[in-house]
Number of protein chains: 2
Amino acid sequence: MALLSIKPRPCTDPNCRGQHAPAERVALAMSLCDARGAQLTKLRRKILELLWESGRPTGAYELVEALKLRDSRPVGPPTVYRALEFLISQGLVSKIESRNAYIPCAHPERRHDCLFFICSNCGAAIELEDQRLEGLISEDAALIGFRATRRVVEVEGTCARCIAAGAA
Amino acid sequence: MALLSIKPRPCTDPNCRGQHAPAERVALAMSLCDARGAQLTKLRRKILELLWESGRPTGAYELVEALKLRDSRPVGPPTVYRALEFLISQGLVSKIESRNAYIPCAHPERRHDCLFFICSNCGAAIELEDQRLEGLISEDAALIGFRATRRVVEVEGTCARCIAAGAA
DNA sequence: AAATGCAACGTTATAATGTTGCATTTAATC
DNA sequence: GATTAAATGCAACATTATAACGTTGCATTT
(Lines give C-alpha, C1' and ligand atoms only; values in the text may rest on other atoms or scores of the structure.)
Protein backbone atom coordinates (compact mmCIF):
# COMPACT_ATOMS: atom_id res chain seq x y z
CA MET A 1 0.00 0.00 0.00
CA ALA A 2 1.05 3.52 -0.74
CA LEU A 3 1.09 4.69 2.84
CA LEU A 4 3.41 1.89 3.83
CA SER A 5 6.08 3.41 1.64
CA ILE A 6 6.50 6.08 4.28
CA LYS A 7 9.16 4.74 6.57
CA PRO A 8 7.77 4.40 10.08
CA ARG A 9 10.25 5.60 12.63
CA PRO A 10 9.56 4.59 16.17
CA CYS A 11 10.36 7.56 18.35
CA THR A 12 12.59 6.72 21.27
CA ASP A 13 12.60 10.07 22.98
CA PRO A 14 10.89 9.73 26.37
CA ASN A 15 10.51 13.50 26.54
CA CYS A 16 8.95 13.70 23.11
CA ARG A 17 5.84 15.83 22.97
CA GLY A 18 4.33 13.86 20.15
CA GLN A 19 5.11 16.28 17.35
CA HIS A 20 4.99 13.87 14.45
CA ALA A 21 3.32 14.19 11.09
CA PRO A 22 -0.08 12.47 10.95
CA ALA A 23 0.88 10.53 7.82
CA GLU A 24 3.96 9.22 9.54
CA ARG A 25 1.91 8.15 12.56
CA VAL A 26 -0.65 6.37 10.41
CA ALA A 27 2.12 4.59 8.56
CA LEU A 28 3.56 3.46 11.85
CA ALA A 29 0.14 2.21 12.93
CA MET A 30 -0.12 0.19 9.74
CA SER A 31 3.26 -1.40 10.18
CA LEU A 32 2.49 -2.20 13.82
CA CYS A 33 -0.83 -3.81 13.01
CA ASP A 34 0.75 -5.68 10.16
CA ALA A 35 3.38 -7.10 12.50
CA ARG A 36 0.70 -8.08 15.00
CA GLY A 37 -1.61 -9.64 12.48
CA ALA A 38 -4.26 -7.06 13.37
CA GLN A 39 -6.36 -5.63 10.59
CA LEU A 40 -6.15 -1.90 10.26
CA THR A 41 -8.93 -1.73 7.71
CA LYS A 42 -9.79 1.22 5.52
CA LEU A 43 -12.46 2.47 7.91
CA ARG A 44 -10.28 2.08 10.98
CA ARG A 45 -7.43 3.82 9.23
CA LYS A 46 -9.67 6.64 8.11
CA ILE A 47 -10.85 7.18 11.67
CA LEU A 48 -7.29 7.16 12.92
CA GLU A 49 -6.40 9.71 10.24
CA LEU A 50 -9.32 11.91 11.24
CA LEU A 51 -8.19 11.79 14.84
CA TRP A 52 -4.67 12.79 13.87
CA GLU A 53 -5.94 15.59 11.68
CA SER A 54 -8.32 16.89 14.32
CA GLY A 55 -5.50 17.85 16.66
CA ARG A 56 -7.64 17.59 19.77
CA PRO A 57 -9.74 15.02 21.59
CA THR A 58 -12.65 14.24 19.31
CA GLY A 59 -16.06 12.83 20.15
CA ALA A 60 -17.44 9.71 18.51
CA TYR A 61 -20.32 11.65 17.01
CA GLU A 62 -17.95 14.24 15.60
CA LEU A 63 -16.27 11.36 13.83
CA VAL A 64 -19.63 10.18 12.51
CA GLU A 65 -20.15 13.67 11.09
CA ALA A 66 -16.63 13.94 9.71
CA LEU A 67 -17.05 10.63 7.91
CA LYS A 68 -20.31 11.83 6.42
CA LEU A 69 -18.55 14.82 4.90
CA ARG A 70 -15.49 12.89 3.83
CA ASP A 71 -17.24 9.96 2.24
CA SER A 72 -20.33 9.32 0.26
CA ARG A 73 -21.19 6.44 2.55
CA PRO A 74 -22.41 7.50 5.98
CA VAL A 75 -21.63 5.31 8.96
CA GLY A 76 -23.59 4.87 12.17
CA PRO A 77 -22.40 5.30 15.75
CA PRO A 78 -21.89 1.57 16.37
CA THR A 79 -19.49 1.37 13.47
CA VAL A 80 -17.43 4.25 14.81
CA TYR A 81 -17.48 2.86 18.34
CA ARG A 82 -16.32 -0.52 17.10
CA ALA A 83 -13.49 1.03 15.17
CA LEU A 84 -12.48 3.05 18.24
CA GLU A 85 -12.59 -0.11 20.33
CA PHE A 86 -10.18 -1.75 17.93
CA LEU A 87 -7.86 1.25 17.83
CA ILE A 88 -7.83 1.43 21.61
CA SER A 89 -7.17 -2.30 21.91
CA GLN A 90 -4.14 -1.80 19.69
CA GLY A 91 -2.90 1.12 21.76
CA LEU A 92 -3.33 3.46 18.80
CA VAL A 93 -5.94 5.62 20.48
CA SER A 94 -6.79 6.62 24.02
CA LYS A 95 -10.09 7.69 25.43
CA ILE A 96 -10.05 10.92 27.39
CA GLU A 97 -12.48 9.90 30.09
CA SER A 98 -13.09 13.35 31.46
CA ARG A 99 -14.23 14.51 28.03
CA ASN A 100 -15.79 11.45 26.44
CA ALA A 101 -13.47 12.01 23.55
CA TYR A 102 -10.77 10.14 21.71
CA ILE A 103 -7.21 11.02 20.86
CA PRO A 104 -4.55 9.22 18.84
CA CYS A 105 -1.66 7.90 20.82
CA ALA A 106 1.70 9.38 19.86
CA HIS A 107 3.71 6.31 20.74
CA PRO A 108 1.77 3.13 20.09
CA GLU A 109 5.03 1.26 19.70
CA ARG A 110 5.69 1.57 23.43
CA ARG A 111 3.43 -0.09 25.94
CA HIS A 112 2.56 2.57 28.44
CA ASP A 113 -0.26 4.47 30.00
CA CYS A 114 -0.31 8.11 29.14
CA LEU A 115 -0.61 11.23 31.11
CA PHE A 116 -2.80 13.84 29.47
CA PHE A 117 -2.88 17.56 30.01
CA ILE A 118 -6.13 18.95 28.66
CA CYS A 119 -6.64 22.66 28.11
CA SER A 120 -10.05 23.87 29.26
CA ASN A 121 -9.62 26.88 27.02
CA CYS A 122 -8.67 25.50 23.62
CA GLY A 123 -9.50 21.85 24.12
CA ALA A 124 -6.09 20.62 23.08
CA ALA A 125 -4.55 17.67 24.85
CA ILE A 126 -0.87 17.13 25.45
CA GLU A 127 0.31 13.59 25.92
CA LEU A 128 3.21 12.86 28.18
CA GLU A 129 4.93 9.78 29.45
CA ASP A 130 6.30 9.54 32.94
CA GLN A 131 7.78 6.31 34.15
CA ARG A 132 8.08 7.67 37.68
CA LEU A 133 4.35 8.31 37.78
CA GLU A 134 3.60 4.75 36.76
CA GLY A 135 6.05 3.56 39.38
CA LEU A 136 4.38 5.59 42.07
CA ILE A 137 0.95 4.31 41.14
CA SER A 138 2.24 0.74 41.16
CA GLU A 139 3.68 1.38 44.59
CA ASP A 140 0.35 2.68 45.90
CA ALA A 141 -1.45 -0.23 44.31
CA ALA A 142 0.89 -2.68 46.02
CA LEU A 143 0.18 -0.93 49.32
CA ILE A 144 -3.45 -1.99 49.15
CA GLY A 145 -2.93 -5.26 47.32
CA PHE A 146 -4.53 -3.97 44.17
CA ARG A 147 -3.69 -5.44 40.76
CA ALA A 148 -3.83 -2.61 38.25
CA THR A 149 -4.75 -3.12 34.63
CA ARG A 150 -5.29 0.40 33.39
CA ARG A 151 -4.26 3.85 34.51
CA VAL A 152 -6.19 7.00 33.69
CA VAL A 153 -4.34 10.20 34.43
CA GLU A 154 -5.89 13.38 33.12
CA VAL A 155 -5.00 16.88 34.19
CA GLU A 156 -7.27 19.77 33.37
CA GLY A 157 -6.07 23.32 33.21
CA THR A 158 -4.68 25.93 30.86
CA CYS A 159 -2.00 25.16 28.30
CA ALA A 160 1.09 27.31 27.78
CA ARG A 161 -0.17 28.73 24.52
CA CYS A 162 -3.47 29.85 26.04
CA ILE A 163 -1.69 31.33 29.05
CA ALA A 164 0.55 33.27 26.66
CA ALA A 165 -2.49 34.39 24.68
CA GLY A 166 -3.90 35.84 27.86
CA ALA A 167 -6.59 33.26 28.57
CA ALA A 168 -7.32 33.00 32.26
CA MET B 1 -29.82 19.77 63.99
CA ALA B 2 -29.62 16.26 65.33
CA LEU B 3 -26.82 15.13 63.09
CA LEU B 4 -24.63 17.98 64.21
CA SER B 5 -24.55 16.50 67.66
CA ILE B 6 -22.17 13.88 66.33
CA LYS B 7 -18.73 15.34 66.85
CA PRO B 8 -16.97 15.66 63.51
CA ARG B 9 -13.37 14.59 63.79
CA PRO B 10 -11.15 15.59 60.94
CA CYS B 11 -8.91 12.66 60.18
CA THR B 12 -5.25 13.57 59.91
CA ASP B 13 -3.87 10.23 58.90
CA PRO B 14 -2.42 10.52 55.38
CA ASN B 15 -2.45 6.74 55.06
CA CYS B 16 -6.07 6.50 56.09
CA ARG B 17 -8.16 4.30 53.84
CA GLY B 18 -11.32 6.20 54.53
CA GLN B 19 -12.90 3.78 56.96
CA HIS B 20 -15.21 6.18 58.73
CA ALA B 21 -18.83 5.81 59.67
CA PRO B 22 -21.18 7.43 57.15
CA ALA B 23 -22.98 9.39 59.86
CA GLU B 24 -19.70 10.79 61.08
CA ARG B 25 -18.76 11.80 57.54
CA VAL B 26 -22.08 13.50 56.95
CA ALA B 27 -21.75 15.36 60.23
CA LEU B 28 -18.31 16.54 59.17
CA ALA B 29 -19.75 17.70 55.85
CA MET B 30 -22.38 19.69 57.69
CA SER B 31 -19.89 21.38 59.93
CA LEU B 32 -17.63 22.17 56.96
CA CYS B 33 -20.46 23.69 54.96
CA ASP B 34 -21.61 25.60 57.96
CA ALA B 35 -18.16 27.10 58.42
CA ARG B 36 -18.03 28.02 54.74
CA GLY B 37 -21.48 29.51 54.61
CA ALA B 38 -22.48 26.88 52.06
CA GLN B 39 -25.93 25.37 52.29
CA LEU B 40 -25.95 21.65 52.74
CA THR B 41 -29.71 21.39 52.28
CA LYS B 42 -31.87 18.40 53.12
CA LEU B 43 -31.78 17.10 49.57
CA ARG B 44 -28.03 17.57 49.20
CA ARG B 45 -27.45 15.89 52.54
CA LYS B 46 -29.68 12.99 51.61
CA ILE B 47 -27.75 12.46 48.40
CA LEU B 48 -24.49 12.57 50.29
CA GLU B 49 -25.88 10.01 52.74
CA LEU B 50 -26.98 7.76 49.91
CA LEU B 51 -23.51 7.93 48.42
CA TRP B 52 -21.94 7.02 51.74
CA GLU B 53 -24.37 4.16 52.22
CA SER B 54 -23.89 2.82 48.74
CA GLY B 55 -20.26 1.93 49.34
CA ARG B 56 -19.31 2.15 45.70
CA PRO B 57 -19.32 4.69 42.88
CA THR B 58 -22.97 5.39 42.16
CA GLY B 59 -24.57 6.73 39.00
CA ALA B 60 -26.76 9.82 38.96
CA TYR B 61 -29.75 7.83 37.78
CA GLU B 62 -29.23 5.26 40.50
CA LEU B 63 -29.54 8.15 42.92
CA VAL B 64 -32.74 9.23 41.23
CA GLU B 65 -34.10 5.72 41.81
CA ALA B 66 -32.84 5.53 45.38
CA LEU B 67 -34.55 8.82 46.20
CA LYS B 68 -37.80 7.52 44.73
CA LEU B 69 -37.73 4.56 47.10
CA ARG B 70 -36.59 6.55 50.07
CA ASP B 71 -38.99 9.44 49.76
CA SER B 72 -42.54 10.02 48.75
CA ARG B 73 -41.44 12.89 46.54
CA PRO B 74 -39.60 11.79 43.41
CA VAL B 75 -36.89 14.02 42.02
CA GLY B 76 -35.71 14.37 38.44
CA PRO B 77 -32.23 14.06 36.98
CA PRO B 78 -31.56 17.81 36.90
CA THR B 79 -32.14 18.03 40.64
CA VAL B 80 -29.70 15.22 41.32
CA TYR B 81 -27.09 16.62 38.95
CA ARG B 82 -27.33 20.03 40.57
CA ALA B 83 -26.94 18.56 44.02
CA LEU B 84 -23.93 16.59 42.82
CA GLU B 85 -22.48 19.75 41.33
CA PHE B 86 -22.77 21.43 44.70
CA LEU B 87 -21.26 18.50 46.57
CA ILE B 88 -18.38 18.34 44.12
CA SER B 89 -17.79 22.08 44.39
CA GLN B 90 -17.50 21.65 48.14
CA GLY B 91 -15.05 18.78 47.78
CA LEU B 92 -17.52 16.40 49.40
CA VAL B 93 -17.90 14.20 46.36
CA SER B 94 -15.75 13.20 43.41
CA LYS B 95 -16.82 12.04 40.01
CA ILE B 96 -15.23 8.83 38.79
CA GLU B 97 -14.80 9.80 35.17
CA SER B 98 -14.09 6.35 33.86
CA ARG B 99 -17.42 5.15 35.25
CA ASN B 100 -19.71 8.15 35.09
CA ALA B 101 -20.34 7.62 38.75
CA TYR B 102 -20.01 9.56 41.96
CA ILE B 103 -18.31 8.77 45.22
CA PRO B 104 -18.16 10.62 48.52
CA CYS B 105 -14.80 12.02 49.42
CA ALA B 106 -13.32 10.61 52.61
CA HIS B 107 -11.43 13.74 53.54
CA PRO B 108 -13.25 16.87 52.45
CA GLU B 109 -11.46 18.81 55.15
CA ARG B 110 -8.22 18.54 53.22
CA ARG B 111 -7.80 20.17 49.84
CA HIS B 112 -6.43 17.50 47.60
CA ASP B 113 -7.05 15.53 44.48
CA CYS B 114 -7.63 11.89 45.03
CA LEU B 115 -6.27 8.78 43.53
CA PHE B 116 -8.89 6.10 42.99
CA PHE B 117 -8.45 2.38 42.62
CA ILE B 118 -11.55 0.90 41.05
CA CYS B 119 -12.21 -2.82 41.05
CA SER B 120 -13.54 -4.11 37.73
CA ASN B 121 -14.88 -7.13 39.55
CA CYS B 122 -16.88 -5.77 42.47
CA GLY B 123 -17.13 -2.11 41.49
CA ALA B 124 -15.71 -0.83 44.75
CA ALA B 125 -13.43 2.17 44.71
CA ILE B 126 -10.61 2.82 47.12
CA GLU B 127 -9.56 6.38 47.65
CA LEU B 128 -5.98 7.22 48.37
CA GLU B 129 -3.97 10.35 48.81
CA ASP B 130 -0.44 10.65 47.57
CA GLN B 131 1.39 13.92 47.85
CA ARG B 132 4.28 12.59 45.80
CA LEU B 133 1.94 11.87 42.92
CA GLU B 134 0.61 15.40 42.97
CA GLY B 135 4.19 16.63 43.09
CA LEU B 136 5.17 14.63 40.04
CA ILE B 137 2.18 15.84 38.09
CA SER B 138 2.96 19.43 39.03
CA GLU B 139 6.50 18.87 37.89
CA ASP B 140 5.37 17.51 34.54
CA ALA B 141 2.91 20.36 34.18
CA ALA B 142 5.68 22.87 34.81
CA LEU B 143 7.77 21.15 32.15
CA ILE B 144 5.25 22.11 29.50
CA GLY B 145 4.11 25.38 31.04
CA PHE B 146 0.70 24.00 31.90
CA ARG B 147 -1.38 25.46 34.73
CA ALA B 148 -3.31 22.59 36.30
CA THR B 149 -6.66 23.05 37.95
CA ARG B 150 -7.86 19.50 38.39
CA ARG B 151 -6.26 16.09 38.49
CA VAL B 152 -8.07 12.89 37.57
CA VAL B 153 -6.22 9.73 38.54
CA GLU B 154 -8.15 6.51 38.25
CA VAL B 155 -6.68 3.05 38.26
CA GLU B 156 -8.70 0.11 37.11
CA GLY B 157 -7.95 -3.44 38.17
CA THR B 158 -8.78 -6.03 40.79
CA CYS B 159 -8.99 -5.23 44.47
CA ALA B 160 -7.32 -7.30 47.18
CA ARG B 161 -10.59 -8.78 48.37
CA CYS B 162 -11.56 -9.97 44.90
CA ILE B 163 -8.08 -11.36 44.29
CA ALA B 164 -8.38 -13.28 47.56
CA ALA B 165 -11.84 -14.49 46.58
CA GLY B 166 -10.32 -15.94 43.45
CA ALA B 167 -11.60 -13.44 40.93
CA ALA B 168 -9.25 -13.16 37.99
C1' DA C 1 -17.89 -23.73 -8.36
C1' DA C 2 -21.06 -24.47 -4.11
C1' DA C 3 -21.05 -24.60 0.81
C1' DT C 4 -19.10 -23.03 5.01
C1' DG C 5 -16.94 -20.07 8.43
C1' DC C 6 -15.67 -15.77 10.08
C1' DA C 7 -14.47 -11.02 10.86
C1' DA C 8 -15.88 -6.61 9.78
C1' DC C 9 -19.45 -3.57 8.70
C1' DG C 10 -24.41 -1.75 8.32
C1' DT C 11 -29.04 -0.53 10.35
C1' DT C 12 -32.51 0.34 13.57
C1' DA C 13 -33.77 1.16 17.80
C1' DT C 14 -32.94 2.20 22.42
C1' DA C 15 -30.37 2.72 26.76
C1' DA C 16 -27.65 5.63 29.66
C1' DT C 17 -25.91 9.99 30.88
C1' DG C 18 -26.23 14.89 31.13
C1' DT C 19 -28.34 19.83 30.18
C1' DT C 20 -31.40 23.94 29.27
C1' DG C 21 -34.95 26.99 30.33
C1' DC C 22 -38.44 28.35 32.93
C1' DA C 23 -41.91 27.96 36.73
C1' DT C 24 -42.34 27.38 41.62
C1' DT C 25 -41.03 26.92 46.21
C1' DT C 26 -38.03 27.69 50.06
C1' DA C 27 -35.37 30.24 53.05
C1' DA C 28 -32.23 34.19 54.29
C1' DT C 29 -32.50 39.20 54.94
C1' DC C 30 -34.52 43.32 55.69
C1' DG D 1 -44.52 40.16 57.02
C1' DA D 2 -42.32 41.89 52.55
C1' DT D 3 -38.33 41.39 49.62
C1' DT D 4 -35.12 38.87 47.34
C1' DA D 5 -31.76 35.33 46.28
C1' DA D 6 -31.13 30.55 46.27
C1' DA D 7 -32.75 26.07 45.66
C1' DT D 8 -35.85 22.86 43.69
C1' DG D 9 -39.42 20.90 40.29
C1' DC D 10 -40.41 19.81 35.72
C1' DA D 11 -40.66 19.05 30.71
C1' DA D 12 -38.22 18.74 26.99
C1' DC D 13 -34.03 17.94 24.86
C1' DA D 14 -29.01 16.86 23.84
C1' DT D 15 -25.21 13.79 23.99
C1' DT D 16 -22.89 9.51 24.45
C1' DA D 17 -23.02 4.58 24.08
C1' DT D 18 -24.79 -0.12 23.22
C1' DA D 19 -28.05 -4.03 22.00
C1' DA D 20 -29.92 -6.77 18.65
C1' DC D 21 -30.03 -8.28 14.33
C1' DG D 22 -28.76 -8.55 9.57
C1' DT D 23 -25.39 -8.18 5.56
C1' DT D 24 -21.02 -8.26 2.96
C1' DG D 25 -16.78 -9.95 1.45
C1' DC D 26 -13.23 -12.95 1.57
C1' DA D 27 -10.79 -17.39 2.73
C1' DT D 28 -11.12 -22.23 3.15
C1' DT D 29 -13.05 -26.46 2.49
C1' DT D 30 -15.82 -29.67 0.00
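This is a predicted model, so every value here is computed, not measured. Numbered from 1 within each chain, the chains take letters A, B, ... in sequence-line order.
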query: Tell me: CG of A/L43 to C1' of D/dT23, nearest whole Å?
result: 16 Å
message: Can you pull out the residues from residues 75-92 of chain B that lie within a 4.0 Å heavy-atom distance of DNA chain D?
response: B/V75, B/P78, B/T79, B/R82
- line: A/E97 atom CD is separated from D/dT16 atom P, nearest whole Å, by 13 Å
- request: Could you pull out all residues at least two apart from A/E139 that satisfy salt bridge (Lys or Arg N to Asp or Glu O under 4.0 Å)?
  value: B/R132
task: Produce a footprint string for nucleotides 25-30 of chain C: one letter per nucleotide, 5' end first; B if the base is under 4.0 Å from any protein heavy atom, S if only the sugar-phosphate is, - if neither.
output: ------
message: Other members of the hydrophobic cluster containing A/I103, with the 4.5 Å side-chain heavy-atom rule, please.
response: A/I96, A/F116, A/I118
- prompt: Side-chain N or O of A/N100 less than 4.0 angstrom from OP1 or OP2 on C/dT17?
  reply: no
message: What is the distance, to the nearest angstrom, from the CG atom on B/L63 to the P atom on C/dA16?
response: 15 Å
The helix from C/dA1-D/dT30 to C/dC30-D/dG1: angle between end helix axes, five pairs per end, rounded to 10 degrees: 20°
field: side-chain N/O A/K95 vs D/dA17 OP1/OP2, d < 4.0 Å
entry: yes
field: Sequence-distant partners of A/T41, side-chain contact (heavy atoms from CB on, under 4.5 Å), two or more places apart
entry: A/Q39, A/L43, A/R44
- prompt: Among all residues two or more places apart in sequence or in another chain, which pass the ring-ring contact (aromatic ring centres under 6.0 Å, His included) test with A/F146?
  reply: B/F117
- request: Can you sort out the partners of B/D113 under side chain to side chain donor-acceptor pair (under 3.5 Å), two or more places apart, ordered by chain and number?
  value: B/R151
Value in whole Å for how far the C1' atom of D/dG9 lies from CG of B/L67: 13 Å
query: Between the main-chain N or O of B/E156 and the side-chain N or O of A/T149, is there a donor-acceptor pair closer than 3.5 Å?
result: yes
message: Under the criterion side-chain hydrogen bond (donor to acceptor under 3.5 Å, both in side chains), I'd like the reasoning laid out for A/E154 against A/S98: C-alpha separation, chi angles, the key distance, then a yes or no.
response: CA-CA 7 Å; A/E154 298 170 11; A/S98 58; 2.6 Å; yes
statement: Atom CZ of B/R44 and atom C1' of D/dT8 are separated, to the nearest Å, by 9 Å
message: Filter on salt bridge (Lys or Arg N to Asp or Glu O under 4.0 Å), then keep only pairs touching residues 78-104 of chain B, sequence neighbours left out; what's left?
response: B/K95-B/E97, B/E97-B/R150
message: Test of understanding: with salt bridge (Lys or Arg N to Asp or Glu O under 4.0 Å), list the residues that count as partners of B/R36, not counting sequence neighbours.
response: none
- request: For A/T79, check side chain to side chain donor-acceptor pair (under 3.5 Å) against everything at least two apart and list the hits.
  value: none
task: Would you kindly give the CG-to-C1' distance between A/L40 and C/dA7, to the nearest whole Å?
output: 15 Å
- prompt: If only side-chain N and O atoms of B/Y102 are considered, is one of them under 4.0 Å from the OP1 or OP2 phosphate oxygen of C/dG18?
  reply: yes
Pairs of donor and acceptor atoms involving the side chains of residues 54-66 of chain A, under 3.5 Å and at least two apart or interchain, shall be tabulated with distances.
from  : atom 1 : to    : atom 2 : distance (Å)
A/S54 : OG     : A/R56 : N      : 3.3
A/S54 : OG     : A/R56 : O      : 3.0
A/S54 : OG     : A/T58 : OG1    : 2.7
A/R56 : NH2    : A/E62 : OE1    : 3.0
A/T58 : OG1    : A/R56 : O      : 2.7
A/E62 : OE2    : A/G59 : N      : 3.0
A/E65 : OE2    : A/K68 : NZ     : 3.3

Integer-rounded Å distance: D/dA7 C1' and B/I47 CD1: 12 Å
task: Could you tell me whether the side chain of A/Y61 has a donor or acceptor atom within less than 3.5 Å of a complementary atom in the base of D/dA14?
output: no
